[in-house]
Amino acid sequence: MAGYLNTDIKKVTANKFVAMKRQGEKISMLTAYDFTTATILDGAGVDGILVGDSASNVMAGNANTLPITVDEMIYHARSVARAVRRALVVCDMPFGSYQVSKDMAVANAVRIMKETGVDALKMEGGKEIADIIKHLVDIGIPVIGHLGLTPQSVHKFGGYGVRAQETAEAEKLIADAVALDEAGCFAITLEKVPAALATEVTKRVSCATIGIGAGNATDGQILVYADMLGLTQGFKPKFLRQYANLGKEMTDAVQAYITDVKASAFPSAEESY
Ligand code: KIV
C-alpha cells in the first residue's frame, strides 16, 4: 500500500522533530534531489531529507544557489517525495520566491506544497521574514528557518566564511532565532556559526536546531549527501566528514567498463539475447 494508507511505516513529522529535541534524540538529515538517491537515504533510515537549493550547485553546476527556480525545485522535490516513505521531506524555497511580497511567498509556498508532496518548507532569514513564516504556519505549512551562513545572501556576505563570530552579529542571530521560534518554525538550520553560539541558540528556542558546521550541541545535523559520500570534487570544508569516496568508486567502475568495451569483453554471451 502506498501513501497515507500505508500503516507499516511511521512517517516522521515536523512535530516528531520537536519531540526528538525534547527527548534528547539527535535528528539526522541529508539533502537529496532525485528519486534514486532519496530511495537509498530513506531506506537507510535518515530522519529528514532536504531538497536543498544546493541542487543549483550539486545538480546544475551553478556557482551559487541564486539561479535555481521554483519550477526546478518542484521537479527535484517531486522526485524525492515520490521515493520517500519514512523521512520528513523538506523543500527549500529558492531565492526570489518569498522575498518580493507576502502574497508571492504564500502563492509559491502553496504551489510547492501542492505540486510536490513534500512535508515542509525551508526559508533563509530572520526577523525580516518572521511575518511570512507565521502566516505559512497559520495556514498549515510547517517551516524550517535557516540562519548563519545563508547562501542566498552570498553577495551580501562576500563569500562563504563562518558567520556571527563577532558579538553584534551573534546577538542578532540569537534574536532572529527567537523570532523564528515565536513565528512557529519547528526547526532552524544553523550553518557555519561558532559551536558556542549554536549551543546558546539550541538552549533558547523550543524548536529543533539542525547544524551544518555549527558544532555538536545542535539537536540534529545535516550534510549535503554528495559531499559526505565523496561525490563532490574539490570541496572539503573543515566541518565536512566524508563517509565514503564514491567519486573514486565511480571512476574505477567507469574505467573498468571502458576497458571491457575496448577489449570486446562486454557484453558476454550470458549478457546477450
Ligand atoms: O541547500 C542546502 O543544501 C542547505 C543545507 C546546506 C542546509 O540549505
Side-chain angles (χ1 to χ4, degrees), residues 17 26-34 37-38 41 46-70 72-77 79-80 87-99 112 116 118-126 129 133 142-154 157 159-164 173 176-177 180 185-193 198 201-202 207-215 218-229 231-232 235-243:
F17 268 36
K26 292 275 187 172
I27 301 162
S28 59
M29 288 191 78
L30 287 170
T31 67
Y33 320 103
D34 68 274
T37 307
L41 303 189
V46 75
D47 298 311
I49 295 181
L50 171 68
V51 186
D53 59 358
S54 49
S56 178
N57 311 69
V58 180
M59 294 285 107
N62 291 313
N64 56 50
T65 59
L66 274 68
I68 200 159
T69 64
V70 171
E72 287 165 340
M73 287 304 297
I74 286 175
Y75 170 79
H76 289 295
S79 308
V80 168
L88 182 85
V89 182
V90 184
C91 180
D92 255 335
M93 291 201 61
F95 178 66
S97 68
Y98 56 98
Q99 294 92 342
I112 294 171
T116 64
V118 300
D119 306 305
L121 301 176
K122 179 166 87 55
M123 296 158 75
E124 295 182 7
I129 58 164
I133 290 179
V143 177
I144 299 190
H146 185 152
L147 296 171
L149 174 61
T150 46
Q152 292 177 11
S153 302
V154 62
F157 297 149
Y160 293 99
V162 180
R163 301 305 314 172
L173 191 146
D176 281 338
L180 295 182
C185 282
F186 70 94
I188 300 172
T189 305
L190 296 172
E191 181 164 353
K192 255 189 152 177
V193 296
V201 171
T202 301
C207 66
T209 56
I210 309 291
I212 173 165
T218 50
D219 300 306
Q221 299 289 333
I222 183 164
L223 287 174
V224 169
Y225 89 92
D227 298 341
M228 62 86 77
L229 293 178
L231 287 165
T232 316
F235 180 68
K236 185 72 184 77
K238 178 177 168 176
F239 69 77
L240 175 63
R241 187 178 295 177
Q242 208 174 291
Y243 284 84

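Reckoned from all heavy atoms, side chains included, excluding hydrogens, waters and symmetry mates. In each ligand, atom 1 is the first atom listed, and ligand 1 is the first ligand listed. Source: prediction; values computed, not measured.
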Y75, OH atom: more than 12 neighbouring heavy atoms under 6.0 Å: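 Open: at most 12 neighbouring heavy atoms sit under 6.0 Å from OH of Y75.
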
Checking the side chain of K192 only, and the main-chain atoms of Y160 only, is there a donor and an acceptor separated by less than 3.5 Å?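 Answer holds: yes.
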
Starting from the N and O atoms of ligand 1, find every protein N or O within less than 3.5 Å and list the pair with its distance.
from, atom 1, to, atom 2, distance (Å)
ligand 1, 1 (O), D53, N, 3.2
ligand 1, 1 (O), D53, OD1, 3.0
ligand 1, 1 (O), S54, N, 3.1
ligand 1, 1 (O), S54, OG, 3.2
ligand 1, 1 (O), D92, OD2, 3.1
ligand 1, 3 (O), S54, OG, 2.5
ligand 1, 8 (O), K122, NZ, 3.0

Results of side chain to side chain donor-acceptor pair (under 3.5 Å) for T31 - residues two or more places apart only: Y33

Going by distance alone, is a donor N or O of one side chain under 3.5 Å from an acceptor N or O of the other, for S56 and N62?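 N62 and S56 do have a side-chain donor-acceptor pair below 3.5 Å.
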
Are S54 and N57 linked by a side-chain donor-acceptor pair shorter than 3.5 Å? no

Could you walk me through whether Q242 and D227 pass the side chain to side chain donor-acceptor pair (under 3.5 Å) check? CA-CA 7 Å; Q242 208 174 291; D227 298 341; over 6 Å; no

